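Some notes on the structure that comes next.
From a predicted model like this one, the values you see are computed outputs, not experimental measurements. Counting starts at 1 for both ligands and their atoms, in listed order. One is the number of the first residue; the rest follow in order along the sequence.
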Amino acid sequence: MNKFNHLKGFMFSSVLVLTLLSCKNETKQDENVTETEPKPAHMIDKKTFGVMPDNSEISVYTLKNDNGIEVSVINYGGIITSLKVPDRNGNVEDIVLGFNNLEDYLKKPPYFGALIGRYGNRIGDAKFTLDGTEYQLAKNDGENSLHGGEKGFDKVFWNIEPITDSENPTLKLTYRSEDMEEGFPGNLDVEVHYILTNDNTLEVDYKATTDKPTVVNLTQHTYFNLSGDFSKTILDQEVSINADGYLPVSKTLIPTGEVRSVEGTPFDFRQSKSIGQDIEDKDQQISFGGGFDHCWVLTGDGMREAATAYDSESGRYMVVKTNEPAIQFYTGNFLDGTLPAKGGGNYEHRTGFCLETQHYPDSPNKPDFPSTELKPGEIYSSKTTFTFSTK
Ligand code: BGC
């Protein structure tokens, strides 16, 4: 029996407001003050977000910290539907692309805010061989498989359990991906924690176990626009990526197998620069991606800085850390003004960017890349943090 079995079949209570930690009163340190006052409440709200075609209800859970940061998550796709962060003047605005209603999320949006699996990013020719058996996947991106197939983890129902006894407001999301779901072998039990801390960090922790050898590459597909104004492009926002090399790709965005130095190329983000600075460069790799849509090989290992992003106008600054070997930086090149924006209008070209921590794309077909294989008895474990401040 593995540690995920007890999670199956978890049932949820009806609409409730959970006050974490606030039950305890705290005595003030100052000797002159004798009365007690309540500790600021870490809250998790739960509300109805929408109703699925089969009449099941989708809820939105909102985590709040003491500094005005709020993150909302739905149990469809584990999607982060909004993330509200103050600018340098204390104005709290939503900085992630998404929709106002469930219906729009059901119309195949480009993975806005979603959890991605079983295999994030592309697998070439939509197939791979593991222990001598070939596995055929859905070709949902030309000839390739993208983000787990036709119905990846971004389109399934996740059980969500608010954790009331931890130090920080936390959501525990669980999902069992059945053996051969979307063509992948093994029952995969997945557990993701979204944790919002008072040092303004949103932590995403992933764990998974399997009962047959399989491949796993989980990530989070939030599109950021740090300006909080979705009518603006992200081209003036600045990004740094802690990487000396990146993975050049074929025309269909499958890594060639080479790790190429970023030195002297538009892919050099070792010093922070505006996203727009080199995005129209004549480099063939830029034309393949229609902008940046590549995987950078991160320097170092263990939990370390992967990337930063900064919007000089609002002052919002984000630091991304991870224990993953790589990060996909995607600049919203496929946004084309057809999807309705939360604040009105539509999401135009390059109005959001993604920083998706992960293993390399197409690893199951590239023996030289770090392995994405997970065997029975092993625990897949991945962690990414997004920390917000202003400057
Ligand atoms: C990929 C893009 C893809 C996008 C879909 C990104 O992770 O790198 O190529 O178009 O997801 O929204």
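Residues N144 and D125 come closest through the heavy atom pair OD1-N, 2.9 Å.
Here the options are H147, Q358, E356, the test is side-chain hydrogen bond (donor to acceptor under 3.5 Å, both in side chains), and the partner is N121; only Q358 passes. The only member of F184, F128, Y135 that meets side chain to side chain contact (heavy atoms under 4.5 Å, CB included) when paired with P364 is F128. Checked against E93 for a salt bridge (Lys or Arg N to Asp or Glu O under 4.0 Å), the options K232, R316, R88, K342 give a single hit: R316.
Relative to the ring axis of Y380, K207 does not place its NZ or CZ within 45° and under 6.0 Å from the centre.
Counting side-chain heavy-atom gaps under 4.5 Å among Ile, Leu, Val, Met, Phe, Trp and Tyr, the cluster of I116 also holds Y111, L146.
Enumerated by chain and number, the residues approaching ligand 1 to less than 4.0 Å through a heavy atom are P110, Y111, R122, H147, H221, Y223, L253, D293, Q328, Y330, F334, E356.
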